Amino acid sequence: MLSRYAYMDRLVLFITCSFVYLASHNNVLSVLPVLAALSISCFLIVFEKNVAFRMVLYGFSFLLSIYFLDMVYFLPLFVYDLINEKQKLLYIMPLIPFSMFILDYGFYESLLIIIILVLAVFIRYKSTEIVTYKSKYYHLIDDTKELTIKLNNTNRNLIEKQDNEVHIATLNERNRIAREIHDHVGHQLSSAILQLGALMAISKDESTKGHLLELKKTLNTGMDNIRQSVHDLYDTSIDLDAKLTEIIEGFTFCDIEYDSMINHSPEQIQCYAFIAIVKEALSNIIKHSNATKVRLVLREHPSMFQLIIHDNGSVYHYHPDQGIGLKNMEERIENLKGHLQIQTTNGFKIFISVPKEG
């Protein structure tokens with residue numbers, strides 16, 4: 001479909017054919033071929049997708065040209081549409097009225113028609129070529145935009161992955177520092193406090209004992225500060241998503257699907273609870289279920305976090321007075337002021353919701 005190019009081409013051809021025709025015909029009936037040609041051309045445009053009706057229009061126009069040779073002046077207008085048809089045998093149809101036109105009207109006017117016919121063929125191919133290149137151009141632009149979007153997404157994913165790796169490395173480093181402080185500085189301070197206590201026990205000078213007591217208080221304060229710092233460093237070193245991923249990678253009993261969508265990390269006590277519950281649930285699946293698939297879902301909502309563990313294995317019934325693992329889960333969730341539900345239809349499903357601020 002050539003859209004506006006085709007309309008412009010037809011208009012140019014119609015004006016050219018009409019000018020050549022009216023230049024040699026100036027009677028009242030001269031307007032009839034012009035109107036007939038215009039009508040046929042308009043019908044060809046309107047019924048562009050109706051192949052059968054177009055064939056009828058071609059046949060009618062060429063038969064009309066045979067019986068009324070003045071219509072041959074408008075053959076270029078019809079040939080413009082005919083070129084694009086798949087039935088190549090139709091190209092023979094214009095030759096019959098045109099050969100009759102040459103015998104009746106002479107060389108000069110026939111040459112003008114041939115020139116306009118060549119022009120019609122030329123502009124048809126040129127318009128088709130322009131539209132084809134334009135379509136390729138727009139297609140190339142669309143492909144470029146799509147590739148740009150994909151490249152941007154890839155770059156963003158790489159940046160997120162790099163940020164995540166840096167974050168994990170930072171957490172691991174904090175954990176290492178916490179262990180170093182606890183194992184070395186903490187032990188040395190503990191040893192110093194014990195030695196100081198021994199000195200105070202054997203010291204007989206009361207003034208010296210007072211100074212040693214103050215020193216012990218200072219060391220105890222420093223020890224408490226170090227314990228708090230180690231505790232804070234260790235708390236911030238827990239990455240819930242990374243820890244759950246690590247647990248899942250070590251679960252080989254059956255296929256497991258992990259779906260996590262959280263923007264803010266839960267509080268540390270909540271992270272510990274989720275990790276312990278997932279471990280316990282996967283352990284129960286190994287012990288009690290013949291599941292072939294497990295789905296683990298972690299979701300964040302405006303006011304709570306949700307954890308869902310669902311397996312498709314044989315149902316094992318839960319009773320409040322049985323199952324230490326499940327009791328431990330309930331106690332953890334109760335301490336967080338959350339809710340735990342168990343469903344035993346279509347497998348075994350643990351549904352947990354915990355408020356963001358426990």
Side-chain angles (χ1 to χ4, degrees), residues 154 157-158 160-176 178-179 234-301 304-336 338-354:
T154 302
N157 291 334
L158 286 174
E160 290 176 356
K161 184 178 180 181
Q162 290 174 351
D163 291 343
N164 188 50
E165 290 176 352
V166 171
H167 178 62
I168 292 174
T170 302
L171 295 179
N172 290 335
E173 183 62 17
R174 286 180 180 177
N175 202 12
R176 186 191 66 81
R179 287 197 304 270
Y234 183 70
D235 279 350
T236 57
S237 67
I238 294 179
D239 187 317
L240 178 60
D241 184 69
K243 189 63 179 177
L244 292 180
T245 302
E246 180 183 342
I247 294 171
I248 290 168
E249 289 176 351
F251 182 78
T252 58
F253 178 75
C254 62
D255 291 337
I256 183 167
E257 177 186 348
Y258 177 44
D259 184 4
S260 174
M261 189 176 293
I262 56 174
N263 297 320
H264 305 90
S265 179
E267 295 178 1
Q268 295 305 313
I269 189 172
Q270 294 173 336
C271 290
Y272 294 142
F274 288 158
I275 291 170
I277 288 170
V278 169
K279 285 182 177 179
E280 184 65 35
L282 295 181
S283 176
N284 284 345
I285 290 172
I286 295 174
K287 293 176 182 178
H288 305 289
S289 176
N290 61 346
T292 58
K293 186 175 182 181
V294 180
R295 188 162 189 262
L296 176 62
V297 179
L298 182 61
R299 285 280 188 273
E300 178 182 1
H301 297 280
M304 65 177 145
F305 294 101
Q306 285 184 341
L307 177 66
I308 302 172
I309 307 164
H310 186 197
D311 70 81
N312 66 345
S314 298
V315 175
Y316 59 100
H317 299 284
Y318 166 69
H319 300 284
D321 58 343
Q322 297 178 0
I324 296 175
L326 291 173
K327 284 185 177 180
N328 290 338
M329 292 183 193
E330 287 185 332
E331 290 178 1
R332 288 180 184 276
I333 299 305
E334 286 177 1
N335 292 335
L336 297 175
H339 299 280
L340 183 147
Q341 294 180 351
I342 294 176
Q343 298 177 3
T344 56
T345 56
N346 298 323
F348 194 83
K349 184 176 183 181
I350 301 173
F351 184 92
I352 295 169
S353 61
V354 175

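These numbers come from a predicted model, not from an experiment. Computed over heavy atoms, backbone and side chain alike; hydrogens, waters and symmetry mates excluded.
- For K293, the salt bridge (Lys or Arg N to Asp or Glu O under 4.0 Å) criterion is met by E257, not counting sequence neighbours.
- Taking all atoms of both residues into account, the shortest heavy-atom contact from L298 to L307 is CD1-CD1, 4.2 Å.
- Atom-to-atom distance recorded for L336:CG and M304:CE is 14.5 Å, nearest 0.5 angstrom.
- Distance CG/L244 to NZ/K279: 10.0 Å, rounded to 0.5 Å.
- In this structure, the side chains of I269 and N335 stay at 4.5 Å or more apart for every pair of heavy atoms.
- Using a distance-only test at 3.5 Å, with no hydrogens or angles considered, a donor-acceptor pair links the side chain of T245 to the main chain of D241.
- Contact of the P266 side chain with the V354 side chain is not registered, since no non-hydrogen atoms from C-beta on lie closer than 4.5 Å.
- Evaluation of the side-chain contact (heavy atoms from CB on, under 4.5 Å) rule for E300 yields I262, N263, H264, F305, K356 as partners, not counting sequence neighbours.
- Remark: Q341 CD to Q343 CD distance equals 6.5 Å, nearest 0.5 Å.
- Within the 4.5 Å cutoff, side-chain heavy atoms of C254 are placed close to those of V294.
- Rounded to the nearest 0.5 Å, atoms CD1 (I350) and CD (E330) are 10.0 Å apart.
- Residues that satisfy the side-chain contact (heavy atoms from CB on, under 4.5 Å) test with F253, not counting sequence neighbours, are F251, I285, I286.
- Within the 4.5 Å cutoff, the side chain of I333 has heavy atoms near those of the I277 side chain.
- Qualifying side-chain contact (heavy atoms from CB on, under 4.5 Å) partners for R299, counting only residues two or more places apart in sequence or in other chains: D259, M261, V297, H301, Q306.
- Here the CG-CG distance, from L296 to D311, works out to 11.5 Å after rounding to the nearest 0.5 Å.
- Qualifying side-chain hydrogen bond (donor to acceptor under 3.5 Å, both in side chains) partners for T292, counting only residues two or more places apart in sequence or in other chains: N312.
- Taking 4.5 Å as the limit, some side-chain heavy atom of N284 sits within range of a side-chain heavy atom of M329.
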